[in-house]
2 protein chains.
Amino acid sequence: MHPYEDIRATILERINNQTWPAGSTLPHEEQLAKEFDVARGTIRRALSSLVEAGLIERRRKAGTRVVDRRSHMSTLNIPIIRHEIESSGAQYGYKLLSSDIHSPEKDETGFFKTASLKHVLALHLKDGRPFQLEDRLINLTAIPKARDESFKTISPNEWLVAQVPYSSIRTYLRAELASALDVTHLKITTGRPVFIVERQTTLKTVPLTRVRLSHDAAQYQVVTETADVT
Amino acid sequence: MHPYEDIRATILERINNQTWPAGSTLPHEEQLAKEFDVARGTIRRALSSLVEAGLIERRRKAGTRVVDRRSHMSTLNIPIIRHEIESSGAQYGYKLLSSDIHSPEKDETGFFKTASLKHVLALHLKDGRPFQLEDRLINLTAIPKARDESFKTISPNEWLVAQVPYSSIRTYLRAELASALDVTHLKITTGRPVFIVERQTTLKTVPLTRVRLSHDAAQYQVVTETADVT
DNA sequence: AATATTATTATGTATATACATAATAATGAA
DNA sequence: TTCATTATTATGTATATACATAATAATATT
């Protein structure tokens, strides 16, 4: 449609048919601009789109190189569980299980160096049945107003997203056997696997919150897709 | 450092301190250009960077709105297992377990509509111990040269990445109990959880390959991080 | 009131030009 | 040879201008 899209498509084709194989260097912007008879800016538009897709890499003076696709980048999207459940047409339910204020020792991982912490345990239900167990620590030093929030009607997850700005989130995905808490609250039998999403949220090096979200493995999986550059 | 970075930072600050709360509309480009005393292009540079980070959304005529951060986008990177193992300083090993050509019925999921398929089972080892079991189906109609590849010295994963261009990959991450094959080849005990990465690769609607990668849950987890926009 | 048509407008693309910058390559000094 | 210094150069940023486009808003038609 737009010139830059056509240019991107033919560049992509040349990468795919090995005219420019992985590791090779592309002609520089002005040469491409001359070949396609467009301004340099239009070439830049096409190339930066391919950078975003992870197909090429560019460095000053070194030029533009085709990435060796030995790893696949894709965007992972983990929504707030209420939205995920509701958008599937099911009924969402929430139940606070416990909420306490702890001293820093509670944090075995060393994520919170030193801070007073709030520990919240809550359950998210799908059509009345347990779906996600939220086990969370909140840094009260960084988020003092969390001290006065009961989390009886709103989940920590949702409250935090609405109230607290963050700069980066690290997410771990793993499989585990159901813990005693998982068995009790997710109502699954001992020996069943659970899918764990653990998140550590920070605001410019300040640890804000850490959460372990556990799910019955039979009811939960994560799906992700690469951007389809055509 | 660069003007657009300063501008992006102050816009980000206004989003974080609720000057422009989630859902609100930002001034349009020319107004911002006037405020910051730069050209419209510089404002566009700052804003498009925030679009990439998923913090704002832009639509023609409607303008620029602050995204309601109810879901977190992060980039997921699943490398070829050999690179992951070697970059951790460990010794990589590979063993082909079986390789057969099947009729389409083998594909229960309906991913390959109709095609002759190659079924390959292979094991990836870390320091001599089983680490990842690769259970793969390859579309021989789309990738005929895979028929003559034995996969005795190179894994299907690596061979495909090097030989076959693709346009999109869908990845499923889930937890399961170890299957009979997992128990046998990953040398784990029955009843242990495994972490499954399942990938479906296509080239413009043509299904190319589907793979189930299973790992001992105790030895494998996926880590992902959001882009830290400052 | 509901639908179709037509402005309107903020974002998007394309152009040209000038200069900045980072990283490599070339050169010179030890 | 090795290290430090200095070009060199491809990408990156900033500018200004013109026009395209999609989506909303306003108007007219049924």
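Chain naming here is simple, since letters A, B, ... match the order of the sequence lines and numbering starts at 1 in each.
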Asker: How many whole angstroms separate atom CD of E5(B) from atom C1' of dT21(C)?
Answerer: 12 Å
Asker: Between H28(B) (NE2) and dT9(C) (C1'), how many Å, whole number?
Answerer: 9 Å
Asker: Please state how far atom OH in Y4(B) lies from atom C1' in dA20(C), giving the value in whole angstrom units.
Answerer: 13 Å
Asker: Rounding to an integer number of Å, can you tell me how far R40(B) CZ sits from dC19(D) P?
Answerer: 14 Å
Asker: Quickly work out the E30(B) CD to dA18(D) C1' distance and round it to whole Å.
Answerer: 13 Å
Asker: For dT24(C), does OP1 or OP2 lie under 4.0 Å from any side-chain N or O of R59(A)?
Answerer: yes
Asker: On DNA chain C, compare the nucleotides closest to A62(B) and G41(A); which residue's is nearer the 5' end?
Answerer: A62(B)
Asker: Is R60(A) close enough to dG12(D) that one of its side-chain N or O atoms is under 4.0 Å from OP1 or OP2 there?
Answerer: no
Asker: Measure from CG on L47(A) to P on dA14(C) and round the result to the nearest Å.
Answerer: 13 Å
Asker: I'd like to know if E86(A) pairs up with R82(A) as an ion pair, taking the criterion as any Lys NZ or Arg NE/NH1/NH2 lying under 4.0 Å from an Asp or Glu carboxylate oxygen.
Answerer: yes
Asker: dT13(C), OP1 or OP2 - any side-chain N/O from T42(A) closer than 4.0 Å?
Answerer: no
Asker: Does R44(A) place a side-chain N or O at less than 4.0 Å from the phosphate oxygens OP1/OP2 of dT11(D)?
Answerer: no
Asker: Rounded to whole angstrom units, what separation is found between the CD1 atom of I56(A) and the C1' atom of dT11(D)?
Answerer: 11 Å
Asker: Is it the case that dT8(D) (base atoms only) and K61(A) (side chain only) share a donor and an acceptor within less than 3.5 Å, ignoring hydrogens and angles?
Answerer: yes
Asker: Could R210(A) and F111(A) be counted as a cation-pi pair, given that NZ or CZ must be under 6.0 Å from the ring centre and within 45° of the axis?
Answerer: no
Asker: State whether E198(A) and R174(A) are salt-bridged, where the test is any N-O pair (Lys NZ or Arg NE/NH1/NH2 against Asp/Glu carboxylate O) under 4.0 Å.
Answerer: yes
Asker: Is there a donor on the side chain of R45(A) or the base of dG12(C) sitting less than 3.5 Å from an acceptor on the other?
Answerer: no
Asker: Under 4.0 Å from OP1 or OP2 of dT11(D): is there any side-chain N or O of T64(A) that close?
Answerer: yes
Asker: Assess the side chains of N157(A) and S155(A): does a donor N or O sit below 3.5 Å from an acceptor N or O?
Answerer: no
Asker: State, to 0.1 Å, how close F112(B) and P207(B) come at their nearest heavy-atom pair, and which atoms those are.
Answerer: CD2-CB, 3.8 Å
Asker: With nearest nucleotide decided by heavy atoms, which residue, V38(A) or H2(B), maps closer to the 5′ end of DNA chain C?
Answerer: V38(A)
Asker: With a cut-off of less than 4.0 Å, is there a side-chain N or O of R58(B) near OP1 or OP2 of dA10(C)?
Answerer: no
Asker: Tell me the interatomic distance from E57(A), atom CD, to dA10(D), atom P, rounded to whole angstroms.
Answerer: 18 Å
